[in-house]
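As the structure is a prediction and not an experimental result, all values here were calculated from the model.
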Amino acid sequence: MIKREVKNVVLYTRVSTEEQVEGFSLEAQKSDLIKYCSNNNYNIVGEYEDAGISGTTIKERPQFKQMLKEISENKIDAIIAWKLSRISRNMLDLVEILEYLQACDSGLITITDQINTFSTLGKSFFYLAGIFAEMERDNIVEQSKNGMKQRAKNGLTNGGTPPYGYINNKDGKGLIIDNKSAEIIRTIFNLYTNKGYGYSKICRILNSEPEKYPTRMGKGWSYQSIQQVLDNPTYNGYIRWGLYSDWSKKRRKGMSENYVLAKGQHEAIIDDLLWTQTQERRKHQCELYTASRLENIRYLLSGLGKCPECGSSMISHRTQRTRKSDGSKIWYRYYVCSRWANKKGMCRPNLVNADVLEKEVLERIKEFVQNPNLPELLIHRLNDDIDIQKIKDKIININKKISKLNSDEDKYYALMIDDEILKTLKKDKILENISKINTEVEKLKSESGKLSIQIAKLNNTAFDLNKVSKVLKNFDINFDRAPFEHQKALIHSLIGEIKIRASNDISERTTESIILRITDTDLNCISNNNPKAEKAFEATYGTVPPQ
């Protein structure tokens with residue numbers, strides 16, 4: 001039995017890409033919904049549709065999310081949908097949607113499977129149908145995967161963006177070589193295998209002439225893009241499918257050994273001999289990289305340093321050299337600009353000696369923690385940085401602005417009902433101004449809400465002076481005893497960024513500043529060896545930093 005009257009409703013329709021192809025049209029759904037509402041005397045106050053979007057999740061459905069927002073803000077009795085699977089095929093999503101609708105004093109009615117969540121029986125059927133909808137989705141996914149697997153075994157691609165060097169055949173049955181980009185693919189293989197160039201030099205050559213060697217997105221060639229080209233069997237005339245499972249969640253960690261590799265129906269860009277030689281060199285390079293990892297070459301500060309030229313993060317870099325004395329091999333560690341490392345020609349390496357940089361940073365940290373008054377100063381500094389009253393004052397100012405805008409809106413509405421004024425003023429212009437006011441009010445309300453959340457978080461945050469003191473005083477002991485992974489995690493939790501001094505001489509390329517993560521304080525300014533250290537730190541003690 002229906003417990004309440006339904007009057008104002010919104011319509012929701014959805015169709016996935018596959019269902020569009022099969023003729024499962026939005027128009028057919030909408031026609032049935034309008035007819036149903038007419039027969040039941042429902043007042044349709046809104047229509048929402050998501051075309052070509054999967055029912056796996058609601059995250060990528062803009063119209064559905066907009067509909068839920070409208071329901072929370074307006075008096076809407078129910079959503080009318082053609083079938084429960086149009087709402088979602090995910091049981092967890094369905095449960096959360098129903099809870100949300102109930103909180104908004106609203107419900108869901110589907111006309112095909114006759115679900116009405118306003119009744120006890122309807123709710124029970126809702127959950128039961130949801131389970132079958134999810135089972136149906138899993139079955140569809142499995143069938144789709146089987147179909148895609150069979151297409152790959154037959155030497156055909158499964159749609160989507162074709163590999164660089166190819167375009168999709170219009171009949172959907174394979175790939176066609178794109179002569180211009182295919183020549184770039186041949187150049188990459190030739191430079192790597194026949195010339196013996198490394199990724200760095202290949203990137204530098206390609207990026208030096210972007211018009212001659214363009215990328216698909218125009219962002220320049222990187223290490224990763226070169227490696228992907230060299231590893232892609234499509235260029236040797238094969239189709240590979242299923243190398244990664246559950247890519248949307250696991251990415252490259254989801255690599256599978258049970259993938260399909262079959263002879264493709266497309267023409268190869270790279271012949272068998274060059275492909276085999278390339279894979280042999282790739283294998284050898286991977287073995288060398290693994291050997292360097294086994295040498296325990298580690299980096300404490302990866303990502304913390306900032307390039308003095310472009311500001312990009314500094315990442316690890318190693319170079320192997322031969323000792324003149326005995327001919328043995330030795331590795332040298334550096335930090336280099338990540339932009340240069342990944343896209344040669346986009347910046348300079350700006351090498352920093354890793355041993356020198358890490359020693360300098362650790363010395364500054366140890367000097368920092370040995371200051372006997374530092375815990376009290378640090379806590380005071382933290383309290384300065386999180387002045388709750390300042391945030392409250394901001395909220396007060398925002399509320400004043402909202403009040404002023406609401407007053408202005410009322411004045412515009414007063415103009416709308418004055419016929420004499422409307423003879424001289426344009427109605428559309430008044431409505432446009434009202435719309436701008438509403439937009440500005442929404443922005444201010446959002447900002448005020450974020451500030452309120454910030455206050456709540458700060459009120460729940462307490463800094464324990466004794467714990468801070470203990471951790472800082474025992475830094476040396478704890479750090480030296482900790483395994484490398486913990487040492488690195490500790491450094492990254494303390495340091496926000498390290499600005500490198502610009503210089504053409506690597507010996508002068510040292511730290512310009514070492515910024516603490518928690519207070520934005522520069523460790524170089526509070527070093528015990530710096531005669532200006534105490535004064536530099538005390539300059540901020542008990543004062544308000546400039547806005």
Side-chain angles (χ1 to χ4, degrees), residues 1-91 93-137 140 431 435 438:
M1 173 138 344
I2 304 297
K3 293 185 177 180
R4 53 167 288 184
E5 180 184 5
V6 176
K7 183 178 180 181
N8 295 324
V9 301
V10 293
L11 309 184
Y12 179 74
T13 54
R14 181 188 65 79
V15 63
S16 68
T17 305
E18 295 78 8
E19 290 166 335
Q20 287 185 98
V21 174
E22 295 170 3
F24 191 76
S25 69
L26 292 167
E27 291 76 14
Q29 294 180 49
K30 186 176 178 180
S31 176
D32 288 349
L33 294 180
I34 292 174
K35 183 178 179 180
Y36 178 85
C37 290
S38 176
N39 292 338
N40 288 276
N41 296 319
Y42 292 160
N43 179 33
I44 300 173
V45 297
E47 298 178 10
Y48 303 85
E49 68 176 42
D50 286 308
I53 300 177
S54 168
T56 302
T57 177
I58 65 172
K59 292 181 180 179
E60 304 301 326
R61 285 196 259 162
Q63 282 291 291
F64 188 86
K65 290 190 287 188
Q66 180 62 32
M67 178 180 65
L68 293 181
K69 181 181 178 183
E70 294 290 336
I71 287 175
S72 69
E73 296 174 351
N74 301 292
K75 181 61 179 176
I76 296 173
D77 297 318
I79 299 172
I80 310 296
W82 190 75
K83 194 176 182 181
L84 185 62
S85 61
R86 301 305 90 202
I87 299 298
S88 180
R89 294 183 184 275
N90 183 296
M91 191 61 200
D93 279 349
L94 287 172
V95 172
E96 291 180 347
I97 290 168
L98 181 57
E99 290 178 350
Y100 178 86
L101 292 177
Q102 289 176 332
C104 296
D105 194 27
S106 186
L108 172 68
I109 298 173
T110 64
I111 65 174
T112 301
D113 34 25
Q114 298 182 3
I115 292 174
N116 188 321
T117 61
F118 291 114
S119 69
T120 303
L121 182 61
K123 286 181 185 178
S124 300
F125 191 44
F126 168 87
Y127 292 119
L128 183 61
I131 293 172
F132 283 108
E134 184 163 322
M135 291 173 62
E136 182 183 3
R137 183 205 71 193
I140 291 172
L431 292 174
S435 177
N438 288 329

Can you tell me if T110 and D113 form a side-chain donor-acceptor pair at under 3.5 Å? yes

Identify, with sequence neighbours excluded, every residue that meets side chain to side chain donor-acceptor pair (under 3.5 Å) alongside N40. none

Apply side chain to side chain contact (heavy atoms under 4.5 Å, CB included) to I80 and V10, showing your working. CA-CA 6 Å; I80 310 296; V10 293; over 6 Å; no

Closest heavy-atom pair and its distance - F118, A78: CE1-CB, 3.9 Å

Which atom names give the shortest non-hydrogen contact between M67 and I79, and what distance separates them? CE-CD1, 3.6 Å

Main chain of W82, side chain of T112: is a donor-acceptor contact present, judged purely on distance under 3.5 Å? yes

To the closest 0.5 Å, what do you measure between OG (S38) and CG (L33)? 12.5 Å

Taken in chain and number order and not counting sequence neighbours, the residues that satisfy side chain to side chain donor-acceptor pair (under 3.5 Å) with K30 are E47

Does any part of the side chain of V9, heavy atoms only, come nearer than 4.5 Å to the side chain of I76, both counted from C-beta? no

How long is the span from the CG atom in L98 to the CD atom in E96, to the nearest 0.5 Å? 11.0 Å

How far does CD of E99 sit from CG of L94, to the nearest 0.5 angstrom? 11.5 Å

If the condition is side chain to side chain donor-acceptor pair (under 3.5 Å), which residues does Q102 pass it with, not counting sequence neighbours? none

Kindly compute the distance separating CD1 (I97) from CG (L108), expressed to the nearest 0.5 Å. 8.5 Å

Say you draw a straight line from CD of E49 to CD of Q29; how long is it, rounded to the nearest 0.5 Å? 9.0 Å

Which atom pair, heavy atoms only, marks the closest approach of G107 to T117? CA-OG1, 3.4 Å

With side chain to side chain contact (heavy atoms under 4.5 Å, CB included) as the test, would you mind laying out the steps for K75 and D105 before giving the verdict? CA-CA 9 Å; K75 181 61 179 176; D105 194 27; 3.3 Å; yes

For S31, side-chain contact (heavy atoms from CB on, under 4.5 Å) partners two or more places apart: none

Kindly compute the distance separating CG (L68) from CZ (R61), expressed to the nearest 0.5 Å. 9.5 Å

Among residues at least two apart in sequence or on other chains, which ones pass side chain to side chain donor-acceptor pair (under 3.5 Å) with T13? none

Which residues pass the side-chain contact (heavy atoms from CB on, under 4.5 Å) test with N39, not counting sequence neighbours? K35

Among all residues two or more places apart in sequence or in another chain, which pass the ring pair (Phe, Tyr, Trp, His ring centres under 6.0 Å) test with Y42? none

Are F64 and Y48 close enough that their ring centers fall under 6.0 Å? no

Would D77 and N8 count as having a side-chain donor-acceptor pair, cut-off 3.5 Å? no

Donor-acceptor pair, distance only, cut-off 3.5 Å: does the side chain of R86 make one with the backbone of A81? no

